[in-house]
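This report concerns only the one structure given below.
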There are 2 protein chains.
Amino acid sequence: MPRPRTPLLDRRRIGAAALRIADDQGVLAIPALARDLGVAPSALYHHVSGRGEIISLMREELALETSPDAWDSSQPWEQALEEWARSYRTAFAAHPGAVPLLATAPLAEPFMHAMYEKVAELLLTAGFTASQVMPLINAMESFILGSALDLVAPPVMVSDVTRETAPHLTAVLDDTPTDHRRAELAFDVGLRALITGFRALLPR
Amino acid sequence: MPRPRTPLLDRRRIGAAALRIADDQGVLAIPALARDLGVAPSALYHHVSGRGEIISLMREELALETSPDAWDSSQPWEQALEEWARSYRTAFAAHPGAVPLLATAPLAEPFMHAMYEKVAELLLTAGFTASQVMPLINAMESFILGSALDLVAPPVMVSDVTRETAPHLTAVLDDTPTDHRRAELAFDVGLRALITGFRALLPR
DNA sequence: ACCTGAACACCGTTCAAGT
DNA sequence: ACCTGAACACCGTTCAAGT
């Protein structure tokens with residue numbers, strides 16, 4: 001087949017299709033991606049350097065899908081920070097199947113700089129020192145990425161042997177939901193605890 | 001070659017070798033693992049069901065390497081919880097190359113039940129309710145896994161364009177170490193914030 | 001510049017054959 | 001029961017050839 005008058009592919013479409021495929025299948029295979037895009041696998045290499053760059057494009061697509069004004073930094077910093085964290089995790093939750101591929105690296109790519117800038121300004125304005133801010137952001141991000149992975153974690157199974165040898169574990173599991181609310185509850189309690197702990201660092 | 005009088009392989013050795021290889025190479029390939037163990041790749045399938053189970057064995061090996069009394073649950077709960085979290089993350093930090101393979105799922109396997117039991121008892125004794133405990137453990141674990149991944153995160157690069165368009169980000173990055181202390185600081189501040197936030201949930 | 005189709009090295013897994 | 005070696009389907013990537 002000849003070169004089409006208008007290119008069949010571009011990086012944006014590759015990232016979007018890859019995100020959809022990974023979310024559906026739980027893995028990303030180049031042949032499956034090419035099939036979805038209606039091209040030969042080799043065609044992709046005219047637009048990206050390889051599989052790693054495709055995954056980076058998936059992260060970029062995720063960021064693009066997430067509205068940059070999904071959170072309002074003009075509120076009190078506790079609420080703004082909570083909104084940011086929730087919008088960040090919601091973006092992952094929209095593509096659960098792709099989470100293991102996406103959440104294993106922070107979104108350190110350049111297109112994330114605008115988000116970091118907004119959070120850094122928020123925390124500096126709140127009164128945290130320059131040397132405190134990046135650790136706070138990193139800690140929050142670790143918690144968010146870990147919580148995203150928790151969305152697709154296999155449930156803890158309470159076998160009969162567990163019931164005998166681990167009475168306390170059994171007791172607390174009996175009071176823990178087994179559906180999606182399990183991860184929600186953990187995220188909620190952790191997020192609020194982090195913000196409470198952050199506030200304790202501020203001079204009063 | 002005939003069947004050896006004493007088996008060349010067992011699950012423990014497979015897990016240990018896989019952990020070492022993944023740590024060294026950053027990826028786990030079955031042929032490389034078999035070569036390291038001095039057998040043909042197909043020999044492995046007499047002991048494990050496949051690649052997934054090998055990764056599970058790696059997690060088990062990690063847990064076995066971590067001394068079960070690496071943390072003392074008889075201290076005040078804040079210190080015990082902190083020690084637990086630190087020993088958990090230290091186990092990952094001992095095999096940084098393998099972290100992306102290991103930290104993407106909580107160690108939900110049965111051999112982790114003893115640890116969960118110990119933490120559940122600790123938190124119940126501290127005064128948390130049965131319905132609070134599992135969310136607290138899950139939140140802590142998400143933070144620990146995220147922090148383990150942060151150990152091998154690519155550094156955020158401050159390009160010149162960043163310096164102009166993101167002044168606050170630039171300012172805080174100038175006050176942030178670029179070596180291993182970056183992840184340490186983030187883990188420390190996050191861990192203490194979480195525990196502070198947890199304590200605020202207790203009746204006084 | 002952009003795509004195809006053939007080709008390459010490699011991977012995870014299965015299975016018959018050997019003791 | 002435990003291992004080998006051949007075999008299979010599949011993967012990511014390269015590259016010459018086509019327009």
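Throughout, protein chains are lettered first and strands after them, A, B, ... in sequence-line order, and every chain is numbered starting at 1.
Only at 4.0 angstrom or more do the heavy atoms of residues 10-19 of chain A sit from any atom of DNA chain D, so none qualifies.
Listed by first then second residue, pairs satisfying salt bridge (charged side-chain N to carboxylate O under 4.0 Å, His left out) with a partner in residues 100-124 of chain B read B:R59-B:E109, not counting sequence neighbours. Sequence neighbours left out, not one pair with a member in residues 135-147 of chain A passes salt bridge (charged side-chain N to carboxylate O under 4.0 Å, His left out). Evaluation of the salt bridge (charged side-chain N to carboxylate O under 4.0 Å, His left out) test over residues 72-81 of chain A, restricted to residues two or more places apart or in two chains, returns A:E78-A:R199. Among residues at least two apart or in separate chains, there is no salt bridge (charged side-chain N to carboxylate O under 4.0 Å, His left out) pair with a member in residues 95-107 of chain A.
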TODO: Taking Watson-Crick and G-U wobble pairs with both distances under 3.5 Å, convert DNA chain D into its dot-bracket string, 5' to 3', dots for unpaired and | for cross-strand pairs.
DONE: ||.|||||...|||||.||
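Not a single salt bridge (Lys or Arg N to Asp or Glu O under 4.0 Å) links B:E65 to another residue, sequence neighbours left out. With sequence neighbours left out, B:Y88 forms a ring pair (Phe, Tyr, Trp, His ring centres under 6.0 Å) with B:W84, B:F92. Under the side-chain contact (heavy atoms from CB on, under 4.5 Å) criterion, A:T170 pairs with A:V158, A:T162, A:R163, A:D174, not counting sequence neighbours. Scanning for salt bridge (Lys or Arg N to Asp or Glu O under 4.0 Å) contacts around B:D24 gives an empty result, with sequence neighbours left out. Legend: residues meeting side-chain contact (heavy atoms from CB on, under 4.5 Å) with A:A17, ordered by chain and number and at least two apart, are A:R20, A:L33, A:D36, A:L37.
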Are there any protein N/O atoms within less than 3.5 Å of an N/O atom in nucleotides 10-14 of chain D, and if so, which ones and at what distance?
residue, atom, partner, partner atom, Å
D:dG12, OP1, A:L28, O, 3.4
D:dG12, OP1, A:R51, NH1, 3.1
D:dG12, OP2, A:I30, N, 2.5
D:dT13, OP2, A:Y45, OH, 2.7
D:dT13, OP2, A:R51, N, 3.0
D:dT13, O5', A:Y45, OH, 3.2

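Rounded to whole Å, the distance from CG on A:L44 to P on C:dC2 is 13 Å. C:dC2 atom C1' lies 6 Å from atom NE2 of A:H46, rounded to whole Å. B:L8 places its CG atom 7 Å from the P atom of D:dT4, with the value rounded to the nearest Å. The NE2 atom of B:H47 sits 12 Å away from the P atom of D:dA1 (whole-angstrom rounding).
Across all their heavy atoms, B:A139 and A:F143 have their closest contact at O-CE1, 3.7 Å.
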